[in-house]
Colleague: 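Below: one structure in structure tokens.
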There are 2 protein chains.
Amino acid sequence: MKIGDLAKLTDTRVETIRYYEKEGLIPAPSRNSGNYRVYEDAHLKRLSFIRRSRDLGFTLEQVRTLLKLADNRDASCMEVDTIAAEHIVEIDRKISDLTLLRDQLVLSVDRCQGDTIADCKIIEALAPARMK
Amino acid sequence: MKIGDLAKLTDTRVETIRYYEKEGLIPAPSRNSGNYRVYEDAHLKRLSFIRRSRDLGFTLEQVRTLLKLADNRDASCMEVDTIAAEHIVEIDRKISDLTLLRDQLVLSVDRCQGDTIADCKIIEALAPARMK
DNA sequence: TATTGACCCTATAGTAACTTCAGGGTGCAT
DNA sequence: ATGCACCCTGAAGTTACTATAGGGTCAATA
């Protein structure tokens with residue numbers, strides 16, 4: 001498998017794969033005669049794991065830890081639990097932040113009558129108290 | 001007003017204020033004898049506007065545009081409307097992405113019995129289909 | 001008066017997780 | 001042989017700041 005094939009299979013950009021290799025997340029594959037990277041099935045599996053974790057919002061640092069843990073099949077999954085639980089808390093925080101922010105924006109957009117900037121409720125919502 | 005005062009009033013770090021100046025978001029203030037920046041009320045207003053916009057999740061690029069628009073009091077606020085509306089769409093997308101992601105994580109954490117990695121449902125959720 | 005401490009200055013580099021760019025090689029088909 | 005899609009490396013760019021190094025200013029205190 002060449003890097004482009006792997007990229008297509010995992011919906012990852014070629015540059016990102018090379019970046020993961022440089023970061024040590026994926027082992028350096030062997031090369032063919034033309035110095036092209038040649039990937040095996042194990043690479044595909046590992047990269048899929050990384051991409052799925054990233055899609056779920058884990059940082060690369062967390063992915064690094066998860067990969068180490070995942071390799072140790074007899075160990076307890078307590079640590080994995082902890083990472084996931086912390087991540088959920090983080091996501092919940094983000095969701096409620098965004099929801100609050102959304103409501104404020106919708107409010108000012110709703111009140112805006114589309115007239116001049118001087119009367120724009122959105123700009124008003126952004127301006128400090130003493131500018132109003 | 002010295003930079004530290006302005007920082008306190010707007011809940012902004014001193015470095016961030018200097019960064020905004022370098023980025024042209026805030027005009028360079030005059031300096032006192034000791035080469036310290038001296039700020040006026042107009043700076044406070046402008047920085048407050050920027051911070052509030054950032055808090056609402058607008059990018060600095062969007063803030064730049066909003067500032068330009070806000071200065072033009074007779075213009076129509078149509079463009080402001082558009083930016084805000086697009087931003088809301090973006091936020092909604094983020095919220096639903098995060099919600100989906102949260103549900104998937106909660107599911108796998110709930111199913112996890114805290115035994116070995118080999119049986120860990122969280123790791124399973126991350127692994128590609130053929131690894132399961 | 002000397003010095004301490006809080007504050008200010010500039011310029012540069014670092015952060016996360018990539019993406020883009022410059023400048024070039026490989027391999028296959030026409 | 002030449003065009004084209006694909007591959008290579010190394011360095012720099014992206015966003016929105018934050019941190020660091022190395023130094024100056026100023027008011028109050030010993």
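Order of the sequence lines sets the chain letters (A, B, ...), proteins ahead of strands, with each chain counted from 1. Atom set for the values below is all heavy atoms of this structure, side chains included, hydrogens, waters and symmetry mates excluded.
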Colleague: With hydrophobic residues grouped by side-chain heavy-atom distances under 4.5 Å, do I91(A) and V109(B) end up in a single group?
Modeller: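 In one cluster with I91(A): V109(B), yes.
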Colleague: State which of dC7(C), dT19(C), dC6(D) makes the closest approach to the side chain of K8(B).
Modeller: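 Comparing dC7(C), dT19(C), dC6(D) against the side chain of K8(B), the answer is dC7(C).
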Colleague: Do Q104(A) and R52(B) get their side chains close enough for a donor-acceptor pair, meaning under 3.5 Å?
Modeller: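 Looking only at side-chain atoms, R52(B) and Q104(A) do form a donor-acceptor pair, the distance falling under 3.5 Å.
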Colleague: Can you tell whether the side chains of D71(B) and R46(B) come within less than 4.0 Å, N to carboxylate O?
Modeller: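 Between R46(B) and D71(B) there is a salt bridge, with a charged N closer than 4.0 Å to a carboxylate O.
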Colleague: Counting only heavy atoms not in D11(A) (residues, nucleotides, ligands), do more than 12 fall under 6.0 Å from its CG?
Modeller: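 Not buried by this count: 12 neighbours or fewer within 6.0 Å.
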Colleague: What is the distance, to the nearest angstrom, from the CG atom on L6(A) to the C1' atom on dC8(D)?
Modeller: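 After rounding, the gap between these two atoms is 16 Å.
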Colleague: Closest nucleotide of DNA chain D for R51(B) versus for G34(B): which of these residues is on the 5' side?
Modeller: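 Mapping each residue to its closest nucleotide by heavy atoms, the 5'-most match is R51(B).
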Colleague: Toward the 5' end of DNA chain D, which comes first, N35(B) or K22(B), by nearest nucleotide?
Modeller: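 Checking each residue's closest nucleotide, the 5'-ward one belongs to K22(B).
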Colleague: Indicate yes or no: does R64(B) engage E61(B) in a salt bridge with an N to O separation below 4.0 Å.
Modeller: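 Answer for the salt bridge query: yes.
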Colleague: Can you check whether R18(A) has a side-chain N or O nearer than 4.0 Å to OP1 or OP2 of dC7(D)?
Modeller: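 Indeed not, no polar side-chain atom of R18(A) lies that close.
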Colleague: To the nearest angstrom, how far is E23(A) atom CD from dA17(C) atom P?
Modeller: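 That distance rounds to 9 Å.
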Colleague: Heavy-atom contacts under 4.0 Å between residues 54-69 of chain B and DNA chain D, which residues?
Modeller: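 Under 4.0 Å from DNA chain D: R54(B), T59(B), L60(B).
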Colleague: May I ask you to verify if any side-chain N or O of R37(B) is less than 4.0 angstrom from the OP1 or OP2 atom of dC9(C)?
Modeller: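 Result: yes.
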Colleague: If you check the I3(A) side chain, which of dC7(D), dC18(C), dT20(C) turns out closest?
Modeller: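 Ranking dC7(D), dC18(C), dT20(C) by closest atom to the I3(A) side chain puts dC7(D) first.
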Colleague: Identify, residue by residue, the members of residues 91-104 of chain A with a heavy atom below 4.0 Å from DNA chain C, and return them in order of residue number, or none.
Modeller: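 Contacting residues: none.
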Colleague: Can you check whether Y36(B) has a side-chain N or O nearer than 4.0 Å to OP1 or OP2 of dG24(D)?
Modeller: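 No.
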Colleague: OP1 or OP2 of dT20(C) less than 4.0 angstrom from a side-chain nitrogen or oxygen of R13(A), does that happen here?
Modeller: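 So the side chain of R13(A) is within the cut-off, an N or O lying under 4.0 Å from OP1 or OP2 of dT20(C).
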Colleague: Do any side-chain nitrogens or oxygens of T16(A) fall under 4.0 Å of OP1 or OP2 in dT19(C)?
Modeller: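 Looking at the OP1 and OP2 atoms of dT19(C), one of them is under 4.0 Å from a side-chain N or O of T16(A).
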Colleague: Counting only side-chain N and O atoms of S33(B), is one of them less than 4.0 Å from OP1 or OP2 of dT25(D)?
Modeller: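 False: S33(B) side-chain N/O out of range (4.0 Å or more) of dT25(D) OP1/OP2.
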Colleague: Does dA16(D) have OP1 or OP2 sitting under 4.0 Å from an N or O in the side chain of Y20(B)?
Modeller: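 Indeed not, no polar side-chain atom of Y20(B) lies that close.
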Colleague: Would R51(B) and T10(B) count as having a side-chain donor-acceptor pair, cut-off 3.5 Å?
Modeller: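 Side-chain D/A pair, R51(B) to T10(B): absent.
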Colleague: Specify the separation, in whole Å, of atom CE of M1(A) and atom C1' of dC6(D).
Modeller: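 Answer to the nearest Å: 16 Å.
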Colleague: Where do F49(B) and L66(B) come nearest, in terms of heavy atoms and distance?
Modeller: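 Looking at all heavy atoms of both residues, the shortest contact is CE2-CB, 4.1 Å.
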